[in-house]
**Q** 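Next up is a structure, given as structure tokens.
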Amino acid sequence: MSLYSKVRATCHECGSGHLVRDEKVGEIICHGCGLVIQDTIIDNGPEWRAFTPEERESKRRTGPRTSLSMYDKGFSTSIFTKGDLYGKKISSSERYKMLRLRRMSVRTSLRKSVERNLFQAMIVLNRLCEKLKIPRGLHESAALIYRKMLGKGLVRGRSIAAVAAASLYLALRRANVPRTLKEISDASSRNKKEVSRCYRLVLWELGYKTPIDDPIQYVSKIGSNAGIDQEAQMRALELLRKARKMGITVGKDPSGMAAAALYISSIELGEKVTQGRLAEAANVTEVTIRNRYKGLLRDMELKWD
DNA sequence: TAAGATAAGAGGGACAT
DNA sequence: ATGTCAGTCTTATCTTA
């Protein structure tokens, strides 16, 4: 590493652009006229050298930089009650005072952090609901679920956006609104995996029960997306009701199931529809539709007319 | 061009360790 | 808590009608 580095400036004496910073003696020198421009450079780097990450860690004396993403910008207060800074014992009355102080400090900072978290979360949830055109009431129930999570201290260590998305998904599921987890996570900044982890956590920790996700709910949504007519949609519903009675819908992706039923009934009614179009409308792959509709035909012993 | 077939890979549930 | 297993879905590629 060179001890000299160029400086982007011109010398005010000779006009030369040849200014050089000499790290070793802490001066900026003009190579044109020899003038010392500045002799008190502040070195922002560490004065020690380290060759391994471990060494760097052991030599550093500063903490991480402050961050706006932390509710207290990374600064927090610690109040010790066992002794003074040097480990010397303190009197019992002093100690009692310190205990009280610490309690107060912990309480107020905790409340602040909860408030800030909620503030952020509500912004995130608003954006999410707006994007997905969620009705007011469901938006509210999602917010309530989030508050419960926050109240139980379950958001700590998890992403606000993921928990917010999971709360929304739960609200939708409880209201039997046919939105998939994928739709929610796609609109969120977190991925499906993360959101579904949080979703399971909410279910578990808050003891929520949801009605099973029934393919029947997706029929009209997928049907209209793919431009399937009413008659075929009715036929698909019938098909799915039978399938549900036979218990062959459990464990399958409801969207895929509904799309397959729509495919069968459309073909039966002589309507021109491709697997590709339905796959796109249902947000599943063609392969899934194929597997589902093959399965439906087999298990229900249906035949093409 | 649509549909079918096949295979690899991921993620989650059930169950055992 | 971690590992394994069967079953599901996705992605990609190739073949068939």
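Below, read A as the first sequence line, B as the second, and so on, with proteins coming before strands; counting in each chain starts at 1.
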**Q** Atom CG of Leu297(A) to atom P of dA3(B): distance rounded to whole Å?
**A**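 So the CG-P distance, Leu297(A) to dA3(B), works out to 14 Å.
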**Q** How close or far is atom C1' of dG4(B) from atom CD1 of Ile267(A), stated in whole angstroms?
**A**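 It works out to 14 Å between those atoms.
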**Q** In whole angstroms, how far is the C1' atom of dG4(B) from the CD atom of Glu286(A)?
**A**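 From Glu286(A) CD to dG4(B) C1': 10 Å.
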**Q** Kindly point out which of dC9(C), dA2(B), dG4(B) is positioned nearest to the side chain of Thr274(A)?
**A**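 Of the candidates, dA2(B) comes closest.
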**Q** Using a strict threshold of under 4.0 Å (side-chain N to carboxylate O), is an ion pair present between Glu183(A) and Lys221(A)?
**A**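 So Lys221(A) pairs with Glu183(A) through a salt bridge.
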**Q** Is it true that the side chains of Asn117(A) and Tyr146(A) contain a donor and an acceptor less than 3.5 Å apart?
**A**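 Side chains of Asn117(A) and Tyr146(A): pair found under 3.5 Å.
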**Q** Is it the case that Asn176(A) and Gln217(A) place a side-chain donor and acceptor less than 3.5 Å from each other?
**A**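 Yes, because at least one side-chain N or O of Asn176(A) sits under 3.5 Å from a partner of the opposite role on Gln217(A).
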**Q** Whole-Å distance between dA3(B) P and Arg292(A) CZ?
**A**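 Nearest whole value for this atom pair: 18 Å.
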**Q** I need the Arg179(A) CZ to Tyr169(A) OH distance, nearest 0.5 Å.
**A**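 If we round to the nearest 0.5 Å, Arg179(A):CZ and Tyr169(A):OH are 12.0 Å apart.
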**Q** What contact category does Lys252(A) fall into here, base, sugar-phosphate, or nothing, at under 4.0 angstrom with non-hydrogen atoms?
**A**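 Sugar-phosphate, no base atom in range.
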**Q** At less than 4.0 Å, is any side-chain N or O atom of Ser196(A) found next to OP1 or OP2 of dG12(B)? Yes or no.
**A**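 Yes, such a contact exists.
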**Q** Can you tell me which nucleotide in dC9(C), dG4(B), dT11(C) comes closest to the side chain of Thr285(A)?
**A**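 The listed nucleotide nearest to Thr285(A)'s side chain is dT11(C).
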**Q** Atom CG of Asn291(A) and atom C1' of dA3(B): how far apart are they, to the nearest Å?
**A**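 The answer, rounded to whole Å, is 13 Å.
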**Q** Can you check the Glu271(A) CD to dA2(B) C1' distance for me, whole Å?
**A**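 The answer, rounded to whole Å, is 17 Å.
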**Q** Return the nearest nucleotide to the side chain of Asp253(A); candidates are dA3(B), dG12(B), dC9(C).
**A**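 For the Asp253(A) side chain, the nearest candidate turns out to be dC9(C).
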**Q** Which listed nucleotide (dC9(C), dG4(B), dT11(C)) is nearest to the side chain of Tyr293(A)?
**A**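 Among the listed nucleotides, the one closest to the side chain of Tyr293(A) is dG4(B).
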**Q** So His139(A) and Pro135(A), do their side chains get closer than 4.5 Å, heavy atoms only?
**A**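 A side-chain contact under 4.5 Å is absent here.
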**Q** Rounded to whole angstrom units, what separation is found between the CZ atom of Arg277(A) and the P atom of dT1(B)?
**A**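 It is 15 Å, rounded to the nearest whole Å.
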**Q** Are Tyr263(A) and dA2(B) close enough that a side-chain N or O sits under 4.0 Å from OP1 or OP2?
**A**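 No, because none of the side-chain N or O atoms of Tyr263(A) sits under 4.0 Å from OP1 or OP2 of dA2(B).
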**Q** Ignoring the backbone of Arg200(A), work out which of dT10(C), dC9(C), dG12(B) is nearest its side chain.
**A**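 Nearest nucleotide to the side chain: dG12(B).
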**Q** Please tell me which of Arg197(A) and Val273(A) maps to the more 5' nucleotide of DNA chain B, matching each residue to the nucleotide holding its nearest heavy atom.
**A**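 The answer here is Val273(A).
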**Q** Calculate the interatomic distance between Glu280(A) atom CD and dT10(C) atom C1'; express it in whole Å.
**A**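 Rounding to the nearest Å, CD of Glu280(A) and C1' of dT10(C) are 16 Å apart.
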**Q** Tell me what Gly251(A) touches on the nucleic acid: a base, only sugar-phosphate, or nothing, going by heavy atoms under 4.0 Å.
**A**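 Since only primed, P, OP1 and OP2 atoms lie under 4.0 Å of Gly251(A), the category is sugar-phosphate.
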